[in-house]
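A short write-up of the structure that comes next.
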Amino acid sequence: MQTGFAFLEAGSVRSKNTTNIIMKNVLDLFIGAIMYFAVGYSFAYGQPGNRFIGHNYFFATNKDEVMKTKILTLNPQIFSFLLTNKINTQNFTYASWFFQYVFAATASTIVSGAMAERTEFTTYMVYCTFLTGFVYPVIVHWCWTDVGWLQYGTGTGLKYIDYAGSGVVHLTGGTAAFVGAIILGPRIGRFNNDGTVNDLPGHTVTVAALGGFILFVGFMAFNGGSQLTISNPGDGAIVALSIMNTVLGGASGAIVAMLVYKTTDAIRGEDHYWSLLITINGGLTGMVSMCAGCNDMLPWAAVVIGTVAGLAFMTWHHIMLKLRIDDPLDAVAVHLGGGLTGVLLAPIFVVKGLQLAETKEYVGGIIYGKHWLAFQGFGWNLLGAVAIIIWTGVISILLFGSMSLLGVLRVSEEVELKGLDKLKHGEPAYPIESYCDGVPPWSKGKVKQCNIKV
Amino acid sequence: MQTGFAFLEAGSVRSKNTTNIIMKNVLDLFIGAIMYFAVGYSFAYGQPGNRFIGHNYFFATNKDEVMKTKILTLNPQIFSFLLTNKINTQNFTYASWFFQYVFAATASTIVSGAMAERTEFTTYMVYCTFLTGFVYPVIVHWCWTDVGWLQYGTGTGLKYIDYAGSGVVHLTGGTAAFVGAIILGPRIGRFNNDGTVNDLPGHTVTVAALGGFILFVGFMAFNGGSQLTISNPGDGAIVALSIMNTVLGGASGAIVAMLVYKTTDAIRGEDHYWSLLITINGGLTGMVSMCAGCNDMLPWAAVVIGTVAGLAFMTWHHIMLKLRIDDPLDAVAVHLGGGLTGVLLAPIFVVKGLQLAETKEYVGGIIYGKHWLAFQGFGWNLLGAVAIIIWTGVISILLFGSMSLLGVLRVSEEVELKGLDKLKHGEPAYPIESYCDGVPPWSKGKVKQCNIKV
Amino acid sequence: MNENEAMQLELLRKQMAILQENLDQFFMIINGMFIFFMQCGFAFLEAGSVRSSNTVNILMKNTLDVFVGSLSFFAFGYPFAYGRPGNSFIGHNNFFGANVQYFEKSVIANNQTLGGYETSSSYFANFFFQYVFAATAATVVSGAVAERADFSCYIIYSFTITGFIYPVGAHWVWSPDGWLNTGAGTGLSMQDYAGSCVVHVCGGMAALAGAKILGPRLGRFSDDGLDKPIPGHSVPLVSLGAFILLVGFLCFNGGSIQRISKNGDGLEVSLSVTNTILSGSAAGLSSMLTHRVHSMVKGKGKYWSLLMTTNGGLTGMVASCAGCNDIAPWAALLTGSVAGVVFVFARQFVLWLKIDDPLDAISVHLFGGTVGTLAAPILAIRGQTINGVSVGGPIYGGGVDAWRGVGWSLVGLFSIGLWSGLCCFTLFTTLDMVGLMRIPKSVEESGIDMQKHGEHAYPETFVRIIDDRPETPRKNKVVKRNVAS
């Protein structure tokens with residue numbers, strides 16, 4: 001999925017900033033891996049942990065059970081225990097680390113889209129470190145570990161429903177992106193003084209679409225894989241259901257966004273187009289909104305939620321323009337809009353839903369509800385969404401705000417106009433001298449002529 | 001694989017139509033999902049069904065066994081059945097839906113290639129709806145369900161052999177593409193009045209090659225996954241064999257096509273080239289032809305069939321040019337040519353082949369044949385191919401013909417010359433203003449200067 | 001236990017065995033498919049790194065790698081590498097897939113009585129998995145010889161590497177008969193889990209031989225010895241390739257266990273994947289920083305170079321291949337950091353030797369592979385197995401045996417490097433003498449695409465961008481071709 005994000009973004013920025021945006025995505029992956037290895041996984045899944053944060057397994061070691069960890073990594077015996085013995089489960093497993101790490105990288109990548117084309121490179125590294133190392137893991141701890149306060153609930157079976165991270169991953173990333181885009185301010189030339197908007201189109205739709213396609217596939221793995229196990233009864237069916245719902249949600253999101261875009265423009269009397277980028281982003285929004293409940297929802301509900309997500313995407317898209325916030329990738333509309341839709345609608349449409357603490361009975365979502373707990377579940381998810389937004393928002397404001405005050409947040413005007421690639425990376429994305437046919441590469445003086453000749 | 005098709009096509013059209021073709025592929029995916037969810041799967045796999053068509057599971061519900069479906073999705077009990085109990089298999093499974101859906105999307109995507117650069121957008125949506133919702137599912141029902149007439153056969157064990165859809169998927173798509181390309185007519189400037197052909201090369205070979213590579217991988221999953229199960233004895237070996245055969249078939253197809261292209265041009269005394277696109281298309285043809293029997297064939301047979309497919313590709317390629325039918329992607333040559341080769345050659349080379357109804361004995365293909373049933377099998381496959389071609393052909397003629405009469409099939413000449421991207425989608429694939437370094441984006445008048453400066 | 005229960009237990013045991021076998025093969029196949037996708041990664045890494053006038057050529061080469069490689073590996077490669085019986089030097093059986101049990105066994109397994117269980121043929125899964133490794137080794141070379149090697153040269157060496165040179169090395173290390181694996185009497189066994197040495201050093205040496213004999217591209221080094229970089233035409237393509245390769249490497253290393261149904265397999269796979277990503281990350285960051293510092297010191301300006309970062313990351317992943325199943329995560333970080341630094345300096349070294357390597361294939365694969373081969377036995381946890389007991393690596397108290405293991409890896413490294421280097425040197429020198437090695441100067445100057453392939457990578461796009469006449473039809477560029485009448 002990192003590949004998908006990288007190319008969606010690369011295609012959506014102008015050619016002079018292409019290297020920069022890909023570089024950011026590469027670093028996301030690399031810095032994310034190191035940070036998540038060092039502290040992120042520990043904050044998220046470290047056991048023991050309190051309601052708020054975990055604290056163990058720093059650098060993949062286990063402070064309370066040093067001997068046990070050593071056994072895990074040193075002793076060849078564990079590779080040969082017999083099936084009849086009790087299986088020695090480890091609290092820290094590499095598989096779990098890897099899976100959670102790719103989620104963390106996703107969350108931090110979202111932000112790079114909204115802040116594209118004008119952010120300092122070092123800033124990006126700092127914030128990426130914080131997000132994968134602290135902000136995101138804490139939210140994961142709240143929502144996805146048994147001791148986290150959102151997951152633990154009130155003791156009556158009230159839990160936060162978020163199967164694959166509509167809230168945890170996308171709402172977090174979307175909020176950070178939102179704050180970042182506000183504090184950075186728009187790109188030069190994006191908004192005119194009279195309030196009208198200039199399009200600054202990406203340099204190649206092809207590459208952006210490539211990214212979109214990869215993301216579609218990635219989302220299926222994202223949602224399908226969130227089951228985490230495949231060996232329990234019914235796991236196969238749940239994985240398949242998740243994927244089917246993801247496809248249907250994406251499909252309805254895309255089609256709705258496409259039609260809304262076409263009709264609103266037609267009603268306003270402007271040129272109306274079948275826009276590819278809107279369609280792709282609508283599809284992504286639909287898939288994002290599926291993350292929360294795709295394992296526990298009938299296909300018709302997926303179509304409904306996808307439709308709402310498509311509308312949400314268009315609404316956020318227009319709100320952002322109205323507020324004069326510049327988001328080159330529509331990252332906020334896709335992830336914040338889609339994530340919010342998912343988190344709020346999931347408790348309404350789920351089939352099994354929450355489990356009563358005493359009777360272990362499933363109460364269903366609001367539609368199938370047999371119990372007042374179903375309504376409480378909606379409230380609890382709303383609370384969860386608000387908590388995530390506040391936590392991420394406040395930290396992002398502090399982080400980006402302080403960097404803005406220090407003057408290291410945004411590149412200088414000259415750099416922005418000339419493009420980050422040449423000045424910061426020394427590698428223009430499409431070096432002109434490599435495009436001259438029939439001209440020996442050493443005759444740089446003739447390059448100009450060759451261009452005209454080609 | 002949708003990604004693969006999208007980029008193979010995107011790279012093979014001219015840059016002014018790139019957005020359009022990608023958009024079509026995106027919609028394939030999304031419209032296909034909704035249609036296949038609503039009616040397609042029902043027509044194909046609905047049980048009970050007659051010899052001709054299935055009719056159940058519309059919108060993923062089950063009309064005859066309402067209670068049972070509800071149990072499937074609502075009742076938590078099914079998630080906790082004991083392994084010792086008989087496992088309650090469901091006729092409708094989500095996994096099966098997803099797998100069949102991607103096949104359906106493949107069939108409909110094939111058509112977009114042959115009709116590229118000149119088709120109305122709404123036309124495309126209409127035909128895509130029909131193909132994934134009706135035409136293709138009916139063929140699937142004939143060939144891949146036990147009650148379909150081609151699969152049911154004559155009761156003596158005579159069955160239609162088509163493991164992964166050489167006929168079902170590719171012949172269907174290829175025929176529709178063929179009919180579409182004929183009725184649409186060639187692009188403007190493709191054929192001169194004196195019968196010569198102008199090349200209208202795609203705008204970037206790189207992107208086309210990317211699509212080709214993704215398709216190669218996709219075909220492996222396509223053929224390997226068609227086993228559908230992995231838990232029966234020998235399943236692993238069959239999957240592996242399928243993939244090995246797919247690779248070998250593709251390899252020989254590609255190499256033969258490349259050599260034939262080079263030598264025929266050399267013999268004619270024209271410039272002779274090692275053509276990349278011909279090689280990739282040859283490889284794809286080889287893989288298409290493998291679909292029919294790759295699970296039941298020795299590797300040497302795969303090499304033979306791949307070679308024939310490579311020749312078939314070149315033959316169809318020239319036939320299309322001779323007939324002055326314009327197929328920008330060679331979709332007809334690849335899928336119709338390759339599919340036909342596969343369907344007809346599979347019964348000759350298979351090892352196990354058909355099973356006698358009484359003795360359950362495998363009779364083998366014609367080469368290994370121990371029984372006249374092997375020859376009948378060839379005839380039955382031929383009949384199947386003819387039936388598929390007629391069914392798809394007739395419906396496509398009706399569909400495209402009526403749209404052509406209504407005048408909504410083809411875009412106007414002006415739009416075709418200026419390109420669909422700007423006029424229909426408002427998104428040129430490579431917006432010129434995003435390629436200028438150091439020039440403020442609002443000064444559009446200076447673009448020319450900026451180019452020279454670069 | 002009554003008879004009925006015993007029957008059921010036996011049935012269950014048989015079903016489990018079937019499922020295990022299928023799962024193992026399935027696991028190999030799935031990973032093999034992702035590794036196959038690495039070909040796509042290599043193709044685009046290379047396509048982006050050459051000039052636009054040679055793009056089709058390099059893509060063509062990578063496509064043929066896949067296709068020529070599969071036929072060649074089917075006919076000769078697999079038999080040489082894994083055909084049994086074989087001697088300690090080379091295998092010799094199963095040429096053209098002969099003498100392989102195809103279907104019979106699986107049919108037997110179907111009708112068998114409850115007594116025993118016979119495995120069905122795993123030849124196909126093995127073949128596919130090993131084939132994608134062989135194709136990887138061959139692809140490494142195409143990067144180093146890009147933009148100037150002749151097309152037929154390419155077909156010949158691709159055939160030879162996948163059909164002979166690589167399989168012999170693989171036989172030594174990975175076949176139960178190979179001398180590096182059995183230890184040739186020393187009781188040692190070379191530690192190369194996923195091919196740092198077998199795949200990458202082999203490919204890297206071939207690349208070195210090829211690039212050296214070919215000589216640099218025209219204009220790469222000026223007469224006074226100055227180095228004039230020839231940038232690739234598209235950074236986005238390069239990074240697309242790199243991203244695909246990063247994913248591919250995870251499967252390359254994770255899949256190398258080749259089974260998933262045994263006890264502890266899952267742990268080993270996930271440890272491998274974790275180590276691979278950590279090693280790659282560390283290498284990416286360390287080469288980014290090293291490059292920045294290095295170019296600052298040399299006064300060339302300070303840049304955050306994307307290409308250095310991605311290539312560094314790849315080097316780290318190459319280095320992690322050898323030991324990723326048997327080192328702790330901190331050791332992976334260490335290996336990666338070293339590999340990243342080594343990459344930057346290896347690159348300078350190759351330039352200093354006046355060898356022109358457009359893709360840095362030598363630095364990434366040869367040097368990354370070397371780092372990995374040596375780091376693995378030093379940092380290993382289990383290390384060498386002497387008389388059925390793991391002695392542990394030097395750090396974990398392996399003592400003398402552990403150091404002998406390091407020495408054995410060194411022996412393996414040299415012998416494979418030497419084998420591959422010598423074979424390729426002979427091959428390329430021969431090709432050079434018969435004049436099949438390098439394209440003519442005129443072709444090199446005007447670009448291979450139009451001359452050899454008749455297909456320009458970008459027939460129009462950049463024309464439009466550069467002279468800003470979007471709607472002007474360019475009739476003179478249209479190639480007319482008569483259809484034979």
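Throughout, protein chains are lettered first and strands after them, A, B, ... in sequence-line order, and every chain is numbered starting at 1.
Contacts with chain A were tallied for C/Gly284, C/Ser305, C/Gly313; C/Ser305 has the most, counting heavy-atom pairs under 4.5 Å. Contact tally against chain A (heavy-atom pairs below 4.5 Å) for C/Ser281, C/Ser295, C/Ser272: the top residue is C/Ser281.
For the residue pair C/Ile277 and A/Ala33, the shortest heavy atom distance occurs at CG1-CB, 4.2 Å.
Here the side chains of A/Thr122 and C/Trp304 are in contact, with some heavy-atom distance below 4.5 Å.
The environment of CZ in A/Phe130 is sparse: at most 12 heavy-atom neighbours from other residues, nucleotides or ligands sit within 6.0 Å.
In this structure, the portions of C/Ala282 lying under 4.5 Å from any heavy atom of chain A include both its backbone and its side chain. Interface residue A/Tyr101: only side-chain heavy atoms are found under 4.5 Å from chain C. For a residue to count as touching a neighbouring chain, one of its non-hydrogen atoms must lie under 4.5 Å from one of that chain's; by this rule C/Leu307 touches chain A with backbone and side chain alike. Heavy-atom distances place no part of A/Met35 under 4.5 Å from chain C, backbone and side chain included.
In this structure, the ring-ring contact (aromatic ring centres under 6.0 Å, His included) partners of A/Tyr124, at least two apart in sequence or on a different chain, are A/Tyr127. C/Arg292 meets the salt bridge (Lys or Arg N to Asp or Glu O under 4.0 Å) test with no other residue; sequence neighbours excluded.
A distance of 9.5 Å separates OH of A/Tyr41 from OG1 of C/Thr274, quoted to the nearest 0.5 Å. Rounding to the nearest 0.5 Å gives a distance of 5.5 Å between CD1 of A/Ile31 and CG of C/Leu285.
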